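First comes the structure, then the notes that go with it.
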Amino acid sequence: MVLGELGTALAGALKKLGEHTVVDEEIMEACLKEVTRALLQADVNVQYVKNIVKRVNINELAAGLNARKLLEKAVFTELVNMLEGEGAQNAQNEGVTTKREKYAPKKGVPNVVMFVGLQGCGKTTTCTKYAHHYQKKGFKPALVCADTFRAGAFDQLKQNATKARIPFYGSYTETDPAKIASDGVERFKAEKNDLIIVDTSGRHKQESALFEEMRAVAEAVNPDMTIFVMDSSIGQAASDQAAAFKNTVDVGSVVVTKLDGHAKGGGAISAVAATRAPIVFIGTGEHIDEFEAFDAKPFVSRLLG
Ligand code: GDP
């Protein structure tokens, strides 16, 4: 997986620090500046960068014997905390930190999971990948296409679902996405599917029509989980976009797609901070198997080189 510029820049900043035999506060300060620059260039929201850096205690570090290791560890811990949804509230200056548990569907009960995101983020692809992932674990997934906005959306879902041998529901004639969503969910509940995935429509930008529709679908199906799908290449827009979705529906999980491309990686961190919802999976290619359960520690390890 290519983690892009953030990893290279952070590793560079930390390597420079390693070149000094004696590390004083000044050198540490300069190194932290580089870490800051790397995070900002990688599209981590400025507010969160300030927070990360603030929480790295320079005095404590400068007194240590191996300053590079200590700084590396401090940056590592802060990034992991941030990605796991911890520290997000601090970033918004609200004081208390809480960590949201990662959602996983439970066997034997009908889990309804709704996917939201802008058009082109990889939502439909991700729905099938998610279904396929849990099918391999013994779930009985089903896909509902509540996207009536994009021509061809139902055909795409149908094609993906057929290939993966997953039952699907949609309509060529019904124009109300909330009605399709609730009919589909009812059908699959009756058929004892235990993971019912609802794909909603996207738009090119954050428009009020999209948000109204999302709210209506959410009301119609009352999902156990709403997953926000974000294209990792959107850069600085990540934070605002994630917050806008979070303000409309109860986003409880994030999937970051296209991490196989030239994404800088920082957008993911900002999106998590904005939604206070952990990343559950990442997309690393167009193929159905190019989908990984997300684990913050190895992600950050690779980021730091
Ligand atoms: P939607 O409009 O959000 O439903 O997006 P689609 O699922 O149709 O995906 C848009 C494009 O992104 C398609 O060409 C997908 O194959 C591609 N795509 C989705 N996820 C990934 C990913 O993780 N990596 C790469 N490289 N492409 C992806």
Side-chain angles (χ1 to χ4, degrees), residues 1-5 43 113-134 141-164 166 168-172 177 180-181 184 197-207 209-211 213-214 217-218 223 226-235 237-238 241-242 244-245 248-249 251 253-269 271-272 275 279-295 298-299 302:
M1 179 172 54
V2 181
L3 287 169
E5 292 165 30
D43 292 331
V113 181
M114 174 169 129
F115 281 75
V116 298
L118 288 190
Q119 192 164 316
C121 67
K123 191 163 26 66
T124 302
T125 310
T126 302
C127 284
T128 319
K129 285 175 168 180
Y130 189 82
H132 179 64
H133 175 87
Y134 282 106
L143 290 158
V144 178
C145 175
D147 182 354
T148 52
F149 182 76
R150 181 162 64 95
F154 180 36
D155 279 332
Q156 186 190 343
L157 181 120
K158 204 162 132 178
Q159 206 176 22
N160 290 350
T162 308
K163 237 194 250 172
I166 295 161
F168 58 89
Y169 180 87
S171 170
Y172 290 111
I180 299 180
I197 296 162
V198 181
D199 187 10
T200 61
S201 65
R203 299 285 193 277
H204 286 300
K205 36 183 191 36
Q206 294 143 229
E207 314 168 1
L210 168 64
F211 291 130
E213 186 176 317
M214 255 169 25
V217 173
T226 301
I227 301 184
F228 169 59
V229 182
M230 192 194 82
D231 181 336
S232 60
S233 63
I234 63 166
Q241 191 188 108
F245 276 86
T248 307
V249 283
V251 171
S253 305
V254 178
V255 171
V256 181
T257 62
K258 308 186 194 180
L259 270 168
D260 50 311
H262 298 288
K264 295 177 179 176
I269 297 169
V272 173
T275 55
I279 300 176
V280 282
F281 287 98
I282 54 173
T284 55
E286 298 194 46
H287 191 264
I288 193 160
D289 282 315
E290 286 170 320
F291 193 59
E292 296 173 18
F294 181 76
D295 193 353
F299 180 86
R302 278 183 279 179

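Nothing fancy with the numbering, it's 1 onward along the sequence. Atoms within each ligand, like the ligands themselves, are counted from 1 in listed order. Keep in mind it's a predicted model, so treat the numbers as computed, not measured.
Considering both main-chain and side-chain atoms, E290 never comes within under 3.5 Å of ligand 1 through any nitrogen or oxygen pair.
For atom 14 (O) of ligand 1, the closest heavy atom belonging to the protein is E286 OE1, 3.7 Å. Scanning the protein heavy atoms around atom 28 (C) of ligand 1, the nearest turns out to be K258 CG, 3.8 Å. Of all protein heavy atoms, the one closest to atom 2 (O) of ligand 1 is G120 N, 2.7 Å.
The side chain of Q156, and not its backbone, has at least one atom closer than 4.0 Å to an atom of ligand 1 (non-hydrogen atoms only; side chain from C-beta on). Proximity of T284 to ligand 1, defined as any heavy-atom pair under 4.0 Å, is confined to the backbone N, CA, C and O atoms. With a 4.0 Å heavy-atom cut-off, ligand 1 is reached by the side chain of D260 but not by its N, CA, C or O. Contact annotation for K129 and ligand 1: only side-chain heavy atoms (C-beta onward) come within less than 4.0 Å of the ligand.
Distance check, rounded to the nearest 0.5 Å: CD of E292 to CG of D295 gives 10.5 Å.
Heavy-atom separations between G285 and ligand 1 include at least one value shorter than 4.0 Å. Distances shorter than 4.0 angstrom occur between a heavy atom of L118 and an atom of ligand 1.
Applying the ring pair (Phe, Tyr, Trp, His ring centres under 6.0 Å) test to F154 and every residue at least two apart in sequence or in another chain returns Y172. The ring pair (Phe, Tyr, Trp, His ring centres under 6.0 Å) test applied to Y130 returns F115, Y134, F281, not counting sequence neighbours.
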message: Would D260 and T284 count as a side-chain hydrogen bond (donor to acceptor under 3.5 Å, both in side chains) here? Give the steps.
response: CA-CA 5 Å; D260 50 311; T284 55; 6.0 Å; no
field: Stepwise side-chain hydrogen bond (donor to acceptor under 3.5 Å, both in side chains) test for E213 and T200
entry: CA-CA 9 Å; E213 186 176 317; T200 61; over 6 Å; no
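Side chain of D147 to backbone of R150: a donor-acceptor contact under 3.5 angstrom is found. Remark: the backbone N or O of V251 is not paired with any side-chain donor or acceptor of T275 at under 3.5 angstrom. Between the side chain of E290 and the backbone N or O of E286 there is at least one donor-acceptor pair closer than 3.5 Å.
Atoms of ligand 1 found under 4.0 Å from any heavy atom of K123 (numbered from 1 in listed order, with element): 1 (P), 3 (O), 4 (O), 5 (O), 7 (O). Residue G283 has at least one heavy-atom neighbour below 4.0 Å for each of these atoms of ligand 1: 23 (O). The ligand atoms of ligand 1 that sit less than 4.0 angstrom from a heavy atom of G122 are 1 (P), 3 (O), 5 (O), 6 (P), 7 (O), 9 (O), 19 (C). Heavy-atom contacts of T125 reach the following atoms of ligand 1: 6 (P), 7 (O), 9 (O), 15 (C), 19 (C) (cutoff under 4.0 Å).
Residue F291 forms a side chain to side chain contact (heavy atoms under 4.5 Å, CB included) with just one option from T126, T257, I282, and that option is T126.
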